[in-house]
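Every value quoted in this text rests on a predicted model; they were computed, and no experiment measured them.
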Amino acid sequence: MIELKDISLSYADEVAVDHVDIVFHPLEITAILGSSGSGKTSLISMIDALKTPSTGSIYINSVRVYEPRLETAVIFQNYGILPWKSVYENIAFTLRIRKIKNYDSIVQEVLELLNISEYAHRFPHQLSGGQMQRVAIARALALDVDVLLMDEAFSALDSLTKETLQDLLLEIRAKRNLTILFVTHNIEEAVFLGNRIVIMEKGKIKEDIQNSSVGNRASTHFYEMCQKVRGYLHD
C-alpha cells in the first residue's frame, strides 16, 4: 500500500503538488490522468524519492520513504536504455550491480515474459520503439519489484504498438504481484488500464474514479467511461 499524507511540492514560486492525501491500494493499476503541468509526474517522482516533498510524508507498506527503494522501479517515456549495451546486458546490468548471482536465469525469464528473447544480443539502435519499451519493462521486472511507476511510458509509440503493450501490461499484472501507477494524458489508455482513475488538476486530486472497464476496448461501458472521464477533465 502506498500512502501520501499532506504531500506538497513547490518549485520556487510554483506549486506543482498541493496538499495531496491519497492511498494507492496493493495489486491495482491506478491511472493518473491529467494535462501537462497538472502535477502527475511530480507526484510519482516523490513516491520514488527522486524529489523530496515540501510538506507531508509518503509510506510504502507502512515504511516511510526517504530514499529510492530497491523494490520500486520507474519507467519513463525515453526508455532509459544504455545505448552501448545489448538487450541482455541492459537487463543484467543492475542485477550485477546488486551482486545477484543467478542473474542469467532471471534475465532469461523476463526476456521470455516480454517476448523479446530473439532480441537478446541486439543493441538499442537495432530496435523499434515498442521493442525498447519492452526492454525497459523487462529490466524493471528483473529486479523483482513490488511497485512499478510508469510515466507516459507508451505515449511516443504508434497506436498499434501502444495497444499491444497495454495488453501486455495487463498480462504481466496478472502474473506478478505488482502495484502499478501509470501516468498518462490519454483518456482511452487510462480507462483501459486503470482499476482506478485519479484525475489531477493544478496539483490537486480533482476526481478519484473506480473503473470496471479494464481490458475491454470494445464494450459500451468502456465508451461510456471514456465519456464520463472526458467530462470530468473539461468541467
Side-chain angles (χ1 to χ4, degrees), residues 1-11 14-48 53 56 58 74-77 133 147-174 178-235:
M1 183 166 62
I2 304 169
E3 301 174 83
L4 278 61
K5 299 182 178 182
D6 192 35
I7 290 296
S8 297
L9 181 66
S10 299
Y11 304 103
E14 178 185 355
V15 178
V17 177
D18 190 3
H19 296 285
V20 166
D21 288 279
I22 192 167
V23 174
F24 298 107
H25 302 295
L27 310 183
E28 285 190 347
I29 299 179
T30 300
I32 304 176
L33 184 66
S35 60
S36 296
S38 60
K40 54 191 189 298
T41 294
S42 294
L43 195 75
I44 67 164
S45 295
M46 289 186 286
I47 292 172
D48 192 44
I58 297 171
V74 188
I75 299 175
F76 297 102
Q77 179 181 338
Q133 198 57 281
V147 173
L148 183 60
L149 309 174
M150 305 183 74
D151 188 7
E152 302 281 7
F154 302 153
S155 63
L157 304 175
D158 64 84
S159 297
L160 183 58
T161 302
K162 185 183 297 186
E163 288 190 2
T164 300
L165 285 178
Q166 289 168 356
D167 291 337
L168 180 62
L169 185 62
L170 292 182
E171 290 175 17
I172 291 168
R173 170 60 197 84
L178 285 171
T179 302
I180 301 174
L181 305 187
F182 192 100
V183 167
T184 182
H185 64 269
N186 185 290
I187 294 170
E188 287 76 15
E189 184 167 68
V191 174
F192 183 75
L193 289 174
N195 306 104
R196 179 183 179 192
I197 301 169
V198 171
I199 299 175
M200 292 195 69
E201 184 178 279
K202 297 180 180 178
K204 294 181 178 290
I205 305 296
K206 182 180 181 181
E207 299 290 343
D208 190 345
I209 309 161
Q210 293 298 314
N211 175 35
S212 59
S213 300
V214 176
N216 190 352
R217 297 184 186 90
S219 71
T220 301
H221 189 61
F222 175 84
Y223 173 79
E224 291 172 347
M225 180 58 73
C226 288
Q227 292 299 101
K228 180 179 180 180
V229 171
R230 188 170 285 109
Y232 283 134
L233 282 171
H234 295 103
D235 278 349

Would you be so kind as to tabulate the donor-acceptor pairs closer than 3.5 Å made by side chains of residues 178-188, with sequence neighbours excluded?
{"from": "T179", "atom 1": "OG1", "to": "L27", "atom 2": "N", "distance (Å)": "3.0"}
{"from": "T184", "atom 1": "OG1", "to": "N186", "atom 2": "N", "distance (Å)": "2.9"}
{"from": "T184", "atom 1": "OG1", "to": "E189", "atom 2": "OE1", "distance (Å)": "2.7"}
{"from": "H185", "atom 1": "ND1", "to": "E152", "atom 2": "OE1", "distance (Å)": "3.1"}
{"from": "H185", "atom 1": "ND1", "to": "E152", "atom 2": "OE2", "distance (Å)": "3.1"}
{"from": "N186", "atom 1": "OD1", "to": "E188", "atom 2": "N", "distance (Å)": "3.1"}
{"from": "N186", "atom 1": "OD1", "to": "E189", "atom 2": "N", "distance (Å)": "2.8"}
{"from": "E188", "atom 1": "OE2", "to": "R230", "atom 2": "NH2", "distance (Å)": "2.9"}

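- With sequence neighbours excluded, the residues satisfying side-chain hydrogen bond (donor to acceptor under 3.5 Å, both in side chains) with D6 are H19.
- Atoms OG and CE, from S8 and M46 in turn, are 7.5 Å apart once rounded to the nearest 0.5 Å.
- Listed by chain and residue number, D18 satisfy the side-chain hydrogen bond (donor to acceptor under 3.5 Å, both in side chains) test with K204 (two or more places apart in sequence, or in another chain).
- Rounded to the nearest 0.5 angstrom, L193 CG and D167 CG are separated by 8.5 Å.
- F154 approaches K162 most closely through the heavy-atom pair O-CE, 3.2 Å.
- Shown here are the salt bridge (charged side-chain N to carboxylate O under 4.0 Å, His left out) partners of K5, two or more places apart in sequence or in another chain: there are none.
- Every residue two or more places apart in sequence or in another chain was checked for a side-chain hydrogen bond (donor to acceptor under 3.5 Å, both in side chains) with R173, and none qualifies.
- In terms of the salt bridge (charged side-chain N to carboxylate O under 4.0 Å, His left out) criterion, D158 has no residue partners (sequence neighbours excluded).
- Of all the heavy atoms in G39 and V17, the pair that sits closest is O-CG2, 3.7 Å.
- With rounding to the nearest 0.5 angstrom, the CD1 atom of I47 is 5.5 Å from the CD1 atom of I2.
- Shown here are the salt bridge (charged side-chain N to carboxylate O under 4.0 Å, His left out) partners of D21, two or more places apart in sequence or in another chain: there are none.
- The distance from atom CG of L43 to atom CZ of F24, rounded to the nearest 0.5 Å, is 5.5 Å.
- Shown here for V214 and G194, the closest heavy-atom pair between the two residues is CG2-O, 3.3 Å.
- Every residue two or more places apart in sequence or in another chain that forms a salt bridge (charged side-chain N to carboxylate O under 4.0 Å, His left out) with E201 is listed here: K206.
- Taking the side-chain contact (heavy atoms from CB on, under 4.5 Å) definition, one finds that Y232 meets it with I199, E207, I209, K228, D235, sequence neighbours left out.
- Of the residues D208, N211, T30, the one that meets the side-chain hydrogen bond (donor to acceptor under 3.5 Å, both in side chains) test with R196 is D208.
- The structure places CD1 of I22 at 11.5 Å from CD1 of I7, a figure rounded to the nearest 0.5 Å.
- Judged as a side-chain contact (heavy atoms from CB on, under 4.5 Å), and not counting sequence neighbours, the contacts of S219 are N216, H221, F222.
- Applying the side chain to side chain donor-acceptor pair (under 3.5 Å) rule to pairs touching residues 37-46 yields Y11-S42, T41-D151, sequence neighbours excluded.
- Closest heavy-atom contact between I58 and P53: CD1-CG, 4.2 Å.
- Pairing each heavy atom of Q133 with each of L165, the nearest pair is CB-CD1, 3.9 Å.
- Contacts of S155 classified as side-chain hydrogen bond (donor to acceptor under 3.5 Å, both in side chains), with partners at least two apart in sequence or in another chain: Q77.
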